[in-house]
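This chain uses plain numbering: 1 for the first residue, then up along the sequence. Note that the coordinates shown come from a computational prediction; the quantities given were computed from them, not determined experimentally.
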Amino acid sequence: MARPATARNSRARVLCAVLPCLALMAVSGTVAQAQTVTPDLFSSRRTGQTAPPDSPLRRTAAEVNDPLTSPKLPENEQPAPRRAGPIPKYGLPAATGAADTGYDSLNRKRKQPKYYPAQPRPKPPIGPGSPPRPAIASNTSLRLSIPPSESAHKTPIPPAMAGTIVGQPPRKRLKVDDDPFGAVGDYAGSFLIKSAVEVSAGYDTNPGRLAAEQGRPVYVVAPEFLAVSDWERHALVADLRGSFTGYTSNLTPNADGTPLSAPLDIDRPNFIGHVDGRLDVSRDTRLTAQGRLFLSTDNPGSPNVQAGLARYPVYTTVGSTIGVDQSFNRLQVSAGATVDRTDYTNSKLTDGTSSTNDDRNFTQYGGVGRVSYDLKPGIKPFVEVQGDSRVHDLRLDRAGFARDSAGGYAKGGTSFEFSRLLTGEIAVGYAMRDYVDVRLNRLEGLLVSSSLVWTATPLTTAKFYSDTTITETTLPGTSGVLTHIYTVEVDHDFRRWLTTIGKFTWGTLDYQGNPRRDKIFTVSGEAIYKMNRNLWLRGTLRRDWLESNLPGNSSASTVMMLGVRVQN
């Protein structure tokens with residue numbers, strides 16, 4: 001009995017649950033018919049916060065365009081724009097400026113440097129473990145490619161010398177030749193020897209520097225010799241230069257029989273040579289020595305030239321200096337002892353007799369010291385002091401004056417080098433000399449010494465030289481001659497084989513103890529045509545003036561020369 005009752009109770013509970021559902025579906029039948037059936041309704045995939053495009057929960061196109069359901073207002077109901085403009089947004093977006101270098105959180109592509117057309121690009125590393133090649137910074141100016149002028153019109157060379165053969169070891173690049181038409185020289189052992197000789201000929205309108213000009217053809221023969229050691233330590237240099245100036249005929253004597261102020265035979269030799277040596281004792285200690293020889297005559301127009309001479313007397317000066325250089329870090333101290341001997345030959349007169357010049361012969365003993373400090377690269381100030389004593393062979397000269405003296409100079413300056421554009425040395429000081437004879441006043445004056453080279457352009461170079469000297473004289477009652485010489489020179493290369501040189505020289509000669517004052521001026525122009533390394537052609541045009549405050553001593557001359565230089 002229990003089993004049928006249990007079954008009836010179960011069926012009654014199922015019907016009670018199904019009947020209300022069916023009634024509800026019947027009432028809401030219209031809503032059930034409007035629902036779209038898609039595969040997602042029966043899909044077991046878990047959905048996220050964003051519904052897929054075919055989700056039945058998304059609005060249809062009709063609902064989106066419906067003005068009642070869309071949040072976008074019609075144009076006629078849009079609010080008026082703000083008078084103050086749109087609301088600004090401040091701040092920088094994420095990872096701003098991190099695209100060039102470093103980490104970029106937005107994973108943007110880094111900017112690459114821009115190159116000009118045909119500009120060389122940096123190459124990647126050769127392989128693993130090789131150091132990276134230097135990169136070109138993006139904030140620096142990029143160099144254009146090599147201009148054609150640097151490689152055009154070059155002399156072709158064999159591939160073996162150029163190092164372009166495959167498998168051949170690379171050849172060492174040779175140094176660029178700064179002077180492609182200069183002397184090459186020859187090696188004799190460990191010495192590089194260069195030699196040259198220059199022969200010139202022309203015309204001089206006044207070779208004797210006379211008040212009444214007498215012109216003569218002129219020729220000059222000038223040999224040169226240079227030997228430089230090529231040692232790792234120590235050094236030895238020999239520099240010898242000479243010249244002989246000759247004229248085709250002698251000067252014409254005065255018609256009235258008075259002697260000329262210049263010799264009849266005006267041929268003059270000239271030689272200057274020195275041999276310098278350096279012995280490197282240690283890194284900071286060096287021993288130096290120099291032997292020198294100077295041969296010349298009195299300058300034409302000088303008051304030291306005797307009247308009635310047949311030819312110029314020749315004098316020689318032989319000297320030597322031995323010194324030591326010691327460096328103390330940036331401080332350098334140099335000291336040396338000097339000795340010089342000057343001898344004159346006898347003067348030959350036009351009447352066939354001769355006169356001695358022993359009263360002009362003297363020996364000079366002296367010493368020089370120099371202290372310099374390397375202040376900074378390119379600037380090295382210094383102080384130099386020199387003292388000497390001159391002892392003549394004869395106590396009294398031909399006029400009865402005792403010419404023995406003692407003197408020297410002190411100067412201070414600096415040597416400098418600014419980017420290789422302006423180099424040289426300049427110094428200013430004071431020179432003085434006291435004589436044994438009380439009748440001879442002290443010889444003194446300002447001393448200026450300089451040697452400057454300014455490379456204005458790669459083709460133009462300007463030079464400035466100045467020097468002050470104290471020389472002996474034979475004028476009675478005159479202590480000596482204080483000479484200041486200044487020279488300005490400009491060199492310009494129109495081509496590597498064509499050079500022009502313009503030079504201007506002016507100077508003053510102060511005969512202290514004598515009212516005479518002389519001024520000298522020289523203007524010259526030269527053109528050098530370099531046919532090859534061994535053969536040059538040179539043309540020179542020069543104008544000389546000698547202005548004296550004493551009448552009858554002024555003169556002028558024009559010199560025109562054309563020469564050939566052979567060198568090795």
Side-chain angles (χ1 to χ4, degrees), residues 181-183 194-226 239-253 260-273 293-302 305 309-316 345 347-348 350 487 489 491 497-503 505 520-546 555-568:
F181 291 93
K194 296 182 180 181
S195 58
V197 61
E198 185 169 345
V199 180
S200 305
Y203 190 81
D204 191 342
T205 61
N206 190 10
R209 302 305 186 262
L210 303 174
E213 297 184 1
Q214 295 187 29
R216 292 292 185 274
V218 59
Y219 63 91
V220 179
V221 179
E224 299 177 7
F225 177 83
L226 176 66
D239 189 0
L240 311 177
R241 302 174 186 270
S243 67
F244 180 82
T245 303
Y247 299 87
T248 57
S249 61
N250 295 340
L251 297 181
T252 304
L260 290 175
S261 59
L264 297 181
D265 185 358
I266 50 179
D267 295 348
R268 293 183 292 114
N270 184 274
F271 177 82
I272 180 171
L293 171 63
F294 181 71
L295 183 147
S296 184
T297 65
D298 291 325
N299 295 324
S302 171
V305 179
L309 285 177
R311 63 169 57 97
Y312 288 109
V314 179
Y315 72 89
T316 58
T345 61
S347 298
K348 184 177 180 181
T350 56
T487 302
E489 178 182 331
D491 303 351
W497 42 265
L498 181 59
T499 303
T500 58
I501 302 174
K503 185 183 298 184
T505 302
I520 57 175
F521 304 93
T522 299
V523 178
S524 65
E526 296 184 14
I528 302 175
Y529 175 66
K530 305 174 183 178
M531 302 183 65
N532 50 49
R533 286 187 179 271
N534 305 113
L535 185 61
W536 292 7
L537 300 180
R538 183 192 300 267
T540 305
L541 177 61
R542 188 179 78 245
R543 179 67 175 177
D544 300 333
W545 292 275
L546 173 61
S555 63
S557 175
T558 301
V559 182
M560 297 167 288
M561 302 288 291
L562 182 63
V564 178
R565 177 184 176 88
V566 180
Q567 63 182 13
N568 182 27

**Request:** Grab the two heavy atoms, one from L210 and one from S261, that are nearest each other, plus how far apart they are.
**Result:** CD2-OG, 3.3 Å
**Prompt:** Is there side-chain contact between T540 and S200, with heavy atoms separated by less than 4.5 Å?
**Reply:** no
**Cation-pi geometry met for K530 and W497 (6.0 Å, 45°)** = no
**Prompt:** Donor-acceptor pair, W536 side chain versus F181 backbone, under 3.5 Å?
**Reply:** yes
**Prompt:** Taking the side chain as C-beta and beyond, is there a heavy-atom pair between I528 and L498 under 4.5 Å?
**Reply:** no
**Prompt:** Between V305 and Y312, is a side chain to side chain contact (heavy atoms under 4.5 Å, CB included) present by the stated rule, with each step listed?
**Reply:** CA-CA 8 Å; V305 179; Y312 288 109; 4.1 Å; yes
**Item:** Flag side-chain contact, heavy atom, 4.5 Å: T316 against F271
**Value:** no
**Item:** Non-hydrogen side-chain atoms of F294 and S296 separated by less than 4.5 Å
**Value:** yes
**Prompt:** Using a distance-only test with no angle check, is there a side-chain donor-acceptor pair under 3.5 angstrom linking N270 and T245?
**Reply:** no
**Request:** Taking R533 for its side chain and A183 for its backbone only, find out whether a donor-acceptor pair lies under 3.5 Å.
**Result:** no
**Request:** Quick one: pull up CD1 in I266 and CG in N250 and give me the separation to the nearest 0.5 Å.
**Result:** 8.0 Å
**Asked** side chain to side chain contact (heavy atoms under 4.5 Å, CB included) between R216 and T252: does it pass, once the steps are laid out?
**Response** CA-CA 11 Å; R216 292 292 185 274; T252 304; 3.2 Å; yes
**Message:** Are the side chains of V564 and L537 in contact, using a 4.5 Å heavy-atom criterion?
**Reply:** yes
**Sub-4.5 Å side-chain heavy-atom contact between E526 and R538** = yes
**Request:** State which residues pass salt bridge (Lys or Arg N to Asp or Glu O under 4.0 Å) with D544; sequence neighbours excluded, sorted by chain then number.
**Result:** R209, R542
**Request:** Taking all heavy atoms of R543 and all of A556, pick out the closest pair and write down the distance.
**Result:** NH2-CB, 3.5 Å
**Prompt:** Can you tell me how far the CG atom of L541 sits from the CG atom of L562, to the nearest 0.5 Å?
**Reply:** 12.0 Å
**Request:** Please report the closest heavy-atom contact between P300 and R268, naming both atoms and the distance.
**Result:** CG-NE, 3.9 Å
**Prompt:** Could you state the interatomic distance from CH2 (W545) to OG (S557), rounded to the nearest 0.5 Å?
**Reply:** 10.5 Å
**Prompt:** Do T505 side-chain atoms and T522 backbone N/O form a donor-acceptor pair below 3.5 Å?
**Reply:** no
**Prompt:** What's the spacing between K194 NZ and L226 CG if we round to 0.5 Å?
**Reply:** 7.0 Å
**Asked** Would a distance-only check, ignoring hydrogens and angles, find a side-chain to backbone donor-acceptor pair under 3.5 Å from N568 to N534?
**Response** no
**Request:** Work out which heavy atom in L546 is nearest to a heavy atom in G301; give both atom names and the distance.
**Result:** CD2-O, 4.1 Å
**Asked** Should T487 and K503 count as side-chain neighbours, where that means a heavy-atom distance under 4.5 Å?
**Response** yes
**Asked** Between T297 and V314, which heavy-atom pair has the shortest distance, and what is it?
**Response** CG2-CG2, 4.0 Å
**Prompt:** Closest approach of L260 and P253, non-hydrogen atoms and distance?
**Reply:** CD1-CA, 4.2 Å
**Item:** Ionic contact status for E224 with R565, cut-off 4.0 Å
**Value:** yes
